[in-house]
Amino acid sequence: MAEPSAKIIDGSAIAGSITETVRAASDALTAAGIVPGLAVVLVGADPASEVYVRNKGRTAAALGFHSVQLNRPATISETELLALVEELNQDQAIHGILVQMPLPSHIDPSRIIEAIRPDKDVDGFHPINVGRLATGSRGTALVPCTPAGSMILIRHALGADIAGLRAVVIGRSNIVGKPVAQLLLQENCTVTIAHSRTRDLPGVVREADIVVAAVGRARLVRGDWIKPGATVIDVGMNRIPAPERGEGQTRLVGDVAFDEAALVAGWITPVPKGVGPMTIAMLMANTVTAASRIAGLPEPNF
Ligand code: GUN
């Protein structure tokens with residue numbers, strides 16, 4: 001059997017080094033009298049969201065942040081949730097606000113996102129931040145965490161100059177697909193956004209020097225879709241049955257058939273320990289960036 005040719009992009013290690021930069025920035029801010037503050041709001045009790053929110057809070061606390069988790073019942077009204085966001089907007093001890101998605105169906109997520117002060121919007125979902133990213137105002141935008149983390153992984157593999165490379169993003173969500181396409185465009189890649197209606201998706205992906213898979217479909221991208229030597233960033237986190245681990249057990253797989261793609265790609269992220277750890281590291285990075293900007297202090301580089 002062929003040996004995997006791809007080098008593995010170690011998201012855990014790279015996230016660890018980002019976290020060290022965050023820690024240094026957080027220590028410097030704290031010494032200046034500003035403790036970075038992150039508030040994470042969880043509405044309802046979705047088990048996956050509970051895990052994500054707990055991890056965010058734990059990481060923030062471990063970095064010495066003022067870390068607040070606010071749990072509200074799924075029955076909270078939109079008006080009450082808006083009032084909570086406004087309280088956090090006004091709270092001087094809070095520099096980053098994250099309302100965990102998805103929200104219950106009676107709450108309009110865009111109303112909540114648009115209520116968050118853009119300079120505290122550490123998810124980068126507010127239309128002001130989306131617009132700043134689209135117009136190239138990186139110095140004032142807060143950039144969504146998973147796309148920002150994906151770009152750092154690409155830089156790790158290929159270096160800072162990726163101008164002229166062909167990038168194919170699979171998925172067009174506001175959280176990953178669209179912002180990562182903007183970031184690749186800013187780096188002068190030739191960018192294609194593919195999605196569920198794309199014709200000949202394998203043929204489109206075969207053109208790509210950089211593939212970012214963010215569709216949420218387990219092992220959709222097969223090995224023979226990958227151009228030899230391409231860089232593959234797998235944003236997927238799909239839980240599938242794993243009877244080999246015992247009855248009722250599951251495991252996480254990406255949107256890419258890793259074992260196949262690793263035979264062809266130049267660089268590839270694993271799942272888990274690829275993009276996942278970067279998302280949380282970039283949330284911490286965005287929080288110290290927000291705290292620095294609000295205080296009028298120089299911001300760290302990531
Ligand atoms: N739910 C899944 N991913 C995210 C994220 O990045 N931010 C928020 N707020 N909710 C999410």
Side-chain angles (χ1 to χ4, degrees), residues 2 4-7 9 11 101-102 109-110 124-125 127 130-131 133-136 143-151 153-155 157-158 161-241 252-271 274-276 278-279:
S5 68
K7 298 191 193 73
I9 306 176
M101 303 289 160
S110 53
F125 294 167
V130 175
L133 173 59
T135 54
V143 176
C145 302
T146 302
S150 299
M151 294 305 293
L153 297 181
I154 291 168
R155 189 172 75 205
L158 298 178
D161 184 7
I162 54 172
L165 296 184
R166 301 197 67 147
V168 172
V169 178
I170 315 170
R172 53 177 152 177
S173 71
N174 291 329
I175 296 182
V176 183
K178 287 179 198 163
V180 87
Q182 291 286 4
L183 290 165
L184 288 160
L185 184 59
Q186 232 160 69
E187 297 300 330
N188 301 303
C189 289
T190 300
V191 183
T192 300
I193 304 179
H195 47 76
S196 55
R197 306 290 292 271
T198 295
R199 293 186 187 176
D200 186 22
L201 181 59
V204 171
V205 174
R206 270 182 211 115
E207 299 268 306
D209 304 300
I210 298 169
V211 181
V212 180
V215 267
R217 286 187 47 195
R219 297 170 55 87
L220 171 76
V221 178
R222 308 305 301 256
D224 65 353
W225 298 19
I226 303 295
K227 178 172 164 178
T231 297
V232 178
I233 306 295
D234 190 351
V235 181
M237 290 243 271
N238 309 290
R239 202 157 269 293
I240 63 165
L252 270 185
V253 297
D255 291 348
V256 178
F258 178 88
D259 44 354
E260 296 176 11
L263 298 174
V264 189
W267 292 88
I268 188 166
T269 61
V271 176
V275 174
M278 292 301 288
T279 296

Which heavy-atom pair separates Leu184 from Ala167 by the least distance, and what is that distance?
CD1-CB, 3.9 Å

For Ala208 and Ala230, the nearest pair of non-hydrogen atoms, with its separation, is O-CB, 3.5 Å

State the CD1-CD1 distance between Ile226 and Ile268, to the nearest 0.5 angstrom.
7.0 Å

Can you tell me how far CD1 of Ile233 sits from CD1 of Ile154, rounded to the nearest 0.5 angstrom?
4.5 Å

Should we count CZ of Arg239 as having more than 12 external heavy atoms under 6.0 Å?
yes

Tell me the closest heavy-atom pair linking Glu207 and Lys227, and the distance in Å.
O-NZ, 3.9 Å

Given side chains that start at C-beta, do those of Asp209 and Leu158 come closer than 4.5 Å, heavy atoms only?
no

Between atom CD1 of Ile162 and atom CD1 of Ile210, what is the distance when rounded to the nearest 0.5 Å?
4.0 Å

Full working for side-chain contact (heavy atoms from CB on, under 4.5 Å) between Trp225 and Leu201:
CA-CA 9 Å; Trp225 298 19; Leu201 181 59; 3.7 Å; yes

Please report the closest heavy-atom contact between Ser173 and Pro179, naming both atoms and the distance.
O-CD, 3.7 Å

May I have the step-by-step check of side-chain contact (heavy atoms from CB on, under 4.5 Å) for Glu187 and Met151, ending in yes or no?
CA-CA 10 Å; Glu187 297 300 330; Met151 294 305 293; 3.7 Å; yes

Rounded to the nearest 0.5 Å, what separates atom CD1 in Ile193 from atom NZ in Lys178?
8.0 Å

Out of Val191, Thr135, Val130, Leu133, which one pairs with Gln182 under the side-chain contact (heavy atoms from CB on, under 4.5 Å) rule?
Leu133

To check you understand the geometry: which heavy-atom pair defines the closest contact between Ser196 and Arg172, and what is its length?
OG-NH2, 3.9 Å

Please tell me if the side chains of Thr231 and Ile9 come closer than 4.5 Å, counting only heavy atoms from C-beta onward.
yes

Please report the C-alpha distance between Asp255 and Ile170 in whole Å, then the side-chain angles of each, then the deciding distance to 0.1 Å, and finally whether the side-chain contact (heavy atoms from CB on, under 4.5 Å) criterion is met.
CA-CA 10 Å; Asp255 291 348; Ile170 315 170; over 6 Å; no

Exceeds 12 heavy-atom contacts within 6.0 angstrom, atom CE of Met237:
no

Out of curiosity, Arg206 CZ to Asp224 CG, how far, rounded to the nearest 0.5 Å?
5.5 Å

Is Arg219 paired with Asp234 through a side-chain N to carboxylate O contact shorter than 4.0 Å?
no

Tightest non-hydrogen contact, residues Ala194 and Val168, listed as CB-CG1, 4.3 Å

Begin from the C-alpha positions of Phe258 and Val253 and carry the test side-chain contact (heavy atoms from CB on, under 4.5 Å) through to its verdict.
CA-CA 8 Å; Phe258 178 88; Val253 297; over 6 Å; no

